[in-house]
Amino acid sequence: MNMYKYNDLNENTVLVTGASGDIGLGICAKYLEQNCVVYALYKSNATQLDALKASHPAGDKLHIMQCDLADPQSVAALCSHLAEVAGKIDVLVNNAGIVKDSLFASMSFEDFSQVMDTNMLSVFRLIKAALTLLRSAQSPAIINVASIAAIIPSVGQSNYSASKGAMLGFTRTLAAELARVNAVAPGMIESRMVKKVSRTVVRSVVSSIPLKRLGTCEEVANAIVFLSSSASSYIVGQTIVIDGGLVMR
């Protein structure tokens with residue numbers, strides 16, 4: 001399904017982290033529909049990104065780059081390269097994230113720390129390094145991808161919930177300083193990650209969703225693209241929940 005065309009996004013430079021996951025791929029595809037120049041970051045596997053580049057009509061505008069967001073030198077090299085080839089970043093989508101689930105009593109400090117570093121500290125690290133590139137754009141927008149786990153309890157995910165909760169607080173404060181910073185909080189989205197979840201658990205969650213279905217990566221991407229367009233120019237420091245009404249219940 002083609003989405004509304006936001007003319008102001010035409011030829012914008014967009015940087016997407018966590019681009020090789022299902023939601024990341026959906027985000028990249030939607031920005032390509034808007035005729036943006038998309039820099040898609042991955043850490044270890046670019047197979048699906050390569051397939052998107054080969055199959056999408058605007059695939060020549062997709063630039064696939066490897067970057068370890070936990071490594072300050074890797075992030076600095078990325079921003080140095082973008083300064084040379086693009087000169088600015090119009091839109092930054094912080095979508096990279098991992099899970100290392102277990103009940104708190106059995107969770108190791110390493111698992112807690114790694115999730116916090118990847119999901120939250122890497123966001124700080126990248127925005128800090130990319131600040132000059134963002135300020136070089138006319139109306140830069142930052143969208144942070146959080147989760148409803150930041151809003152409602154998620155048993156076995158104290159590390160993940162903490163990282164996404166921190167992201168929402170960070171988003172509001174950063175918006176007070178930089179203006180166009182917002183977040184989205186997806187619920188249970190149809191993806192490879194959700195396919196690993198017990199079907200019994202999925203059915204239980206779906207029964208609590210007013211729409212009685214899982215969300216799609218496309219629906220998450222549509223909201224993100226909207227938040228980066230001039231159509232949302234007066235929306236600042238907000239979190240858009242994309243969960244079919246689950247949190248509302």
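Along the sequence shown, the residues carry numbers beginning at 1.
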How long is the span from the [atom1] atom in [X] to the [atom2] atom in [Y], to the nearest 0.5 Å?
X    : Y    : atom1 : atom2 : result
Q34  : K61  : CD    : NZ    : 12.5 Å
N94  : F124 : CG    : CZ    : 12.5 Å
Q138 : N12  : CD    : CG    : 9.5 Å
Y39  : T13  : OH    : OG1   : 6.0 Å
N159 : S102 : CG    : OG    : 6.5 Å
N45  : S20  : CG    : OG    : 6.5 Å

Decide yes or no for [X] and [Y]: does some side-chain heavy atom of the first lie under 4.5 Å from some side-chain heavy atom of the second?
X    : Y    : answer
I189 : V220 : yes
D22  : Q48  : yes
E33  : H56  : yes
V181 : L178 : yes
Y31  : S228 : yes
E190 : C217 : no
L227 : I240 : yes
T239 : V184 : no

* Check the pair N35 / L9 against side chain to side chain contact (heavy atoms under 4.5 Å, CB included), numbers first and verdict last. => CA-CA 7 Å; N35 200 40; L9 291 179; over 6 Å; no
* When L92 is tested against each of V16, L126, I143, V14 for side-chain contact (heavy atoms from CB on, under 4.5 Å), which residue passes? -> L126
* Structure fact -> Exactly one of Q157, M107, Q114 clears side-chain contact (heavy atoms from CB on, under 4.5 Å) with K100, and that residue is Q114
Nearest heavy atoms of [X] and [Y], plus distance in Å:
X    : Y    : result
V236 : A179 : CG1-O, 2.9 Å
F226 : S232 : O-OG, 2.9 Å
G244 : P210 : O-CD, 3.2 Å
A58  : L32  : O-CD2, 3.6 Å
D68  : S74  : N-OG, 3.1 Å
I89  : P140 : O-CB, 4.1 Å

Test item: side-chain donor near acceptor, [X] and [Y], under 3.5 Å:
X    : Y    : value
D8   : S230 : yes
S113 : E110 : no
N95  : T17  : no

Starting from [Y], can I reach [X] by hopping between I/L/V/M/F/W/Y residues whose side chains sit under 4.5 Å apart?
X    : Y    : value
V194 : V205 : yes
I242 : I235 : yes
L41  : V225 : no
V155 : L246 : no
Y42  : I27  : yes

* More than 12 heavy atoms of other groups within 6.0 Å of K5 NZ -> yes
Would you say the side-chain atoms of [X] pair up with the backbone N or O of [Y], donor to acceptor, closer than 3.5 Å?
X    : Y    : answer
T216 : E219 : yes
S233 : S229 : no
T171 : G237 : no
S207 : S204 : yes

* To do: Quick one: do V241 and I148 satisfy side chain to side chain contact (heavy atoms under 4.5 Å, CB included)? Show the steps, please.
  => CA-CA 7 Å; V241 178; I148 60 168; 3.9 Å; yes
* **Salt bridge flag under 4.0 Å for residues K53 and D60** => no
* To do: Taking only Lys NZ, Arg NE, NH1 and NH2, and the carboxylate oxygens of Asp or Glu, determine whether E11 and K88 approach each other closer than 4.0 Å.
  => no
* Given the rule in the side chain to side chain contact (heavy atoms under 4.5 Å, CB included) test, do K43 and C67 qualify, once you have shown the distances and angles that lead to the verdict? -> CA-CA 6 Å; K43 183 178 180 180; C67 182; over 6 Å; no
* salt bridge (charged side-chain N to carboxylate O under 4.0 Å, His left out) between D71 and R125: does it pass, once the steps are laid out? -> CA-CA 9 Å; D71 178 8; R125 196 175 290 121; over 6 Å; no
* To do: In sequence, state the C-alpha distance, the side-chain angles, and the governing distance for M188 and D243, and then conclude on side chain to side chain contact (heavy atoms under 4.5 Å, CB included).
  => CA-CA 7 Å; M188 188 166 278; D243 71 343; over 6 Å; no
